[in-house]
Amino acid sequence: MKAAVMKAVNEMVVEEIPEPEVEPGGILVEVKACAICGSDVRTLRHGSAHVTPPRVLGHEVAGIIKAVGPETSGYSVGEAVTVAPAIGCGVCEYCRHGITNMCPNLETIGFEFDGGFAEVMAVPAKAVRQGHVNRIPQGLSFEEAALAEPLACCINGQSFLDIRLGQTVAVIGAGVIGLFHTELAMLKGASRVFVTDIVPERLEHAATLGKNVVTINSNEADPVEEILSRTGGQGVDVVIVACPVGEAQNQALQMVARRGRVSLFGGLPQGKSKGYLDSNLIHYKEVGVFGAHASTAAQNRLALKILAEGKIVARRYITHIYSLPQIMEGVRAVEKGEALKVIIKP
């Protein structure tokens, strides 16, 4: 089969490799769509402690079940499915409480296991056993279903934030993650969502999401001053930092209201994650600061339901589609900020 194999940092080659074997209790998926995540690009360019080359990247996957292993029950060849990629051990304290993304032995498809930038992908037995293979609802395309994984991560990130009817929210970063956060906040009843970015085209996308969205170009106006001005000096109830920029985290503490909540959703590059937060702002304003990492299988199922019901329209975010041999064109489109979501179709 053909696969895009990361051979080393900055080296990805599309080549023929052996098709994976299906293990007892496992599943083989014929990949129909795999979206490029920013973490795929970061791993390719800078490496990852969780990836040992050669490795097939790609964890935002949708496809058709090609084979089921012996001892696999509940699934049939030909079913259209997505796969929640972050797999816990299933037995630790976190997994037993349903917080599988916090498992200390977490393993992820596309990192510790070969992923979806290939014609066929193996799903480990423990992922099948724990419910990580989710059927795609009728009417949702493979390309749209692949976006359930990043949407699920946003659902996880907002699970701490208690966004309520009439509250105000700021989202720093108008990539697809920031836009998903914007839509989820509005679904929860946010009265206004301020979206900041430096890329005009991304802000144009944000402006199409509804009359409650206020866009701010951070190259043209100070986002902290602008948001404080528009909220009578109070600030917003919730800020979601949806970009990998340290200074944005400090801006979030300045623009959030007293007793507000801040999500540090966007991780910072390794070695550059310290020294940004003014702890006095957290202390005196009694601000709740939350992290967010990956998602659970249940959150992936909820994301599929939201997409299938049209509450969030996935196709508006798919701006580029490439074949597997064109994968580096997709990577470059992400790097240049030309794309919202890039789909690879093996």
Side-chain angles (χ1 to χ4, degrees), residues 38-39 99 101-102 150-198 202-203 206 209 212-218 221-270 272-295 299:
S39 65
I99 320 169
N101 57 313
M102 289 292 102
L151 178 58
C153 292
C154 296
I155 291 170
N156 177 61
Q158 290 201 17
S159 65
F160 310 101
L161 300 180
D162 191 28
I163 298 171
R164 299 188 297 274
L165 185 69
Q167 291 192 323
T168 53
V169 176
V171 178
I172 304 177
V176 68
I177 291 296
L179 299 180
F180 276 165
H181 274 301
T182 299
E183 293 218 62
L184 287 172
M186 290 193 296
L187 285 173
K188 292 179 178 181
S191 60
R192 276 187 298 174
V193 182
F194 299 93
V195 181
T196 77
D197 205 296
I198 60 173
R202 289 185 171 185
L203 293 172
L209 297 181
N212 294 345
V213 176
V214 179
T215 61
I216 300 169
N217 189 322
S218 300
D222 183 306
V224 175
E225 293 180 2
E226 193 73 14
I227 286 172
L228 291 176
S229 172
R230 290 171 180 256
T231 57
Q234 178 174 312
V236 291
D237 298 294
V238 172
V239 184
I240 300 168
V241 184
C243 63
V245 180
E247 179 54 31
Q249 297 182 348
N250 198 42
Q251 289 179 340
L253 294 178
Q254 295 174 56
M255 66 177 65
V256 73
R258 289 169 173 79
R259 289 210 164 189
R261 288 87 69 201
V262 171
S263 171
L264 305 182
F265 188 92
L268 301 184
Q270 191 172 5
K272 297 182 179 179
S273 60
K274 299 178 181 179
Y276 294 103
L277 299 184
D278 183 342
S279 62
N280 270 350
L281 290 174
I282 300 171
H283 175 73
Y284 287 108
K285 291 168 69 173
E286 297 187 357
V287 175
V289 179
F290 301 89
H293 172 65
S295 60
Q299 289 165 339

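Note that this is a predicted model, so its numbers are computed, not measured.
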With rounding to the nearest 0.5 angstrom, report the [atom1] to [atom2] distance, [X] to [Y].
X	Y	atom1	atom2	answer
Leu253	Asp278	CG	CG	7.0 Å
Ser218	Gln251	OG	CD	6.5 Å
Thr231	Gln234	OG1	CD	6.5 Å
Ile177	Cys154	CD1	SG	4.0 Å
Leu179	Leu151	CG	CG	12.0 Å
Leu277	Leu264	CG	CG	6.0 Å

Can you find a heavy atom in the side chain of [X] that is under 4.5 Å from one in the side chain of [Y]?
X	Y	result
Ile172	Met255	yes
Lys188	Arg164	no
Arg259	Val287	no
Val213	Met186	yes
Ser263	Val241	no
Val238	Ile240	yes
Tyr276	Leu268	yes
Val193	Val171	yes

Of the non-hydrogen atoms in [X] and [Y], which two are nearest, and what is the gap between them?
X	Y	result
Gln158	Ile163	OE1-CD1, 3.4 Å
His293	Asn156	O-ND2, 3.5 Å
Pro223	Ile216	CA-CG2, 4.3 Å
Val169	Ala185	CG2-CB, 4.2 Å
Ala190	Asn212	O-ND2, 3.9 Å

Open item on the list: Pair Ser295, Asn101 - check side-chain contact (heavy atoms from CB on, under 4.5 Å), show working.
Closed with: CA-CA 6 Å; Ser295 60; Asn101 57 313; 5.9 Å; no

Could you tell me whether the side chain of [X] and the main chain of [Y] form a donor-acceptor pair under 3.5 Å?
X	Y	answer
Arg261	Leu161	yes
Ser229	Glu225	no
Ser191	Gly166	yes
Asp197	Gly173	no
Lys285	Val256	yes

- [ ] Check the angle between the aromatic planes of Phe265 and His181 and answer parallel, tilted or perpendicular using the 30° and 60° thresholds.
- [x]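 Phe265 and His181: perpendicular rings.
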
Open item on the list: Evaluate Arg192 against Arg230 for side-chain contact (heavy atoms from CB on, under 4.5 Å), listing each step before the verdict.
Closed with: CA-CA 10 Å; Arg192 276 187 298 174; Arg230 290 171 180 256; 4.1 Å; yes

Open item on the list: For Leu281, is the CG atom crowded, meaning more than 12 foreign heavy atoms sit under 6.0 Å from it?
Closed with: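 More than 12 heavy atoms, drawn from other residues, nucleotides or ligands, come within 6.0 Å of this atom.
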
- [ ] For the pair Phe194 and Val236, evaluate side-chain contact (heavy atoms from CB on, under 4.5 Å) and give the outcome as yes or no after the intermediate values.
- [x] CA-CA 9 Å; Phe194 299 93; Val236 291; 3.7 Å; yes

- [ ] Under the side-chain contact (heavy atoms from CB on, under 4.5 Å) rule, what do Val195 and Val214 come out as? Steps first, then yes or no, please.
- [x] CA-CA 6 Å; Val195 181; Val214 179; over 6 Å; no

TODO: Take Thr168 and Asp237 through the side-chain hydrogen bond (donor to acceptor under 3.5 Å, both in side chains) test and state the conclusion after the steps.
DONE: CA-CA 5 Å; Thr168 53; Asp237 298 294; 3.2 Å; yes

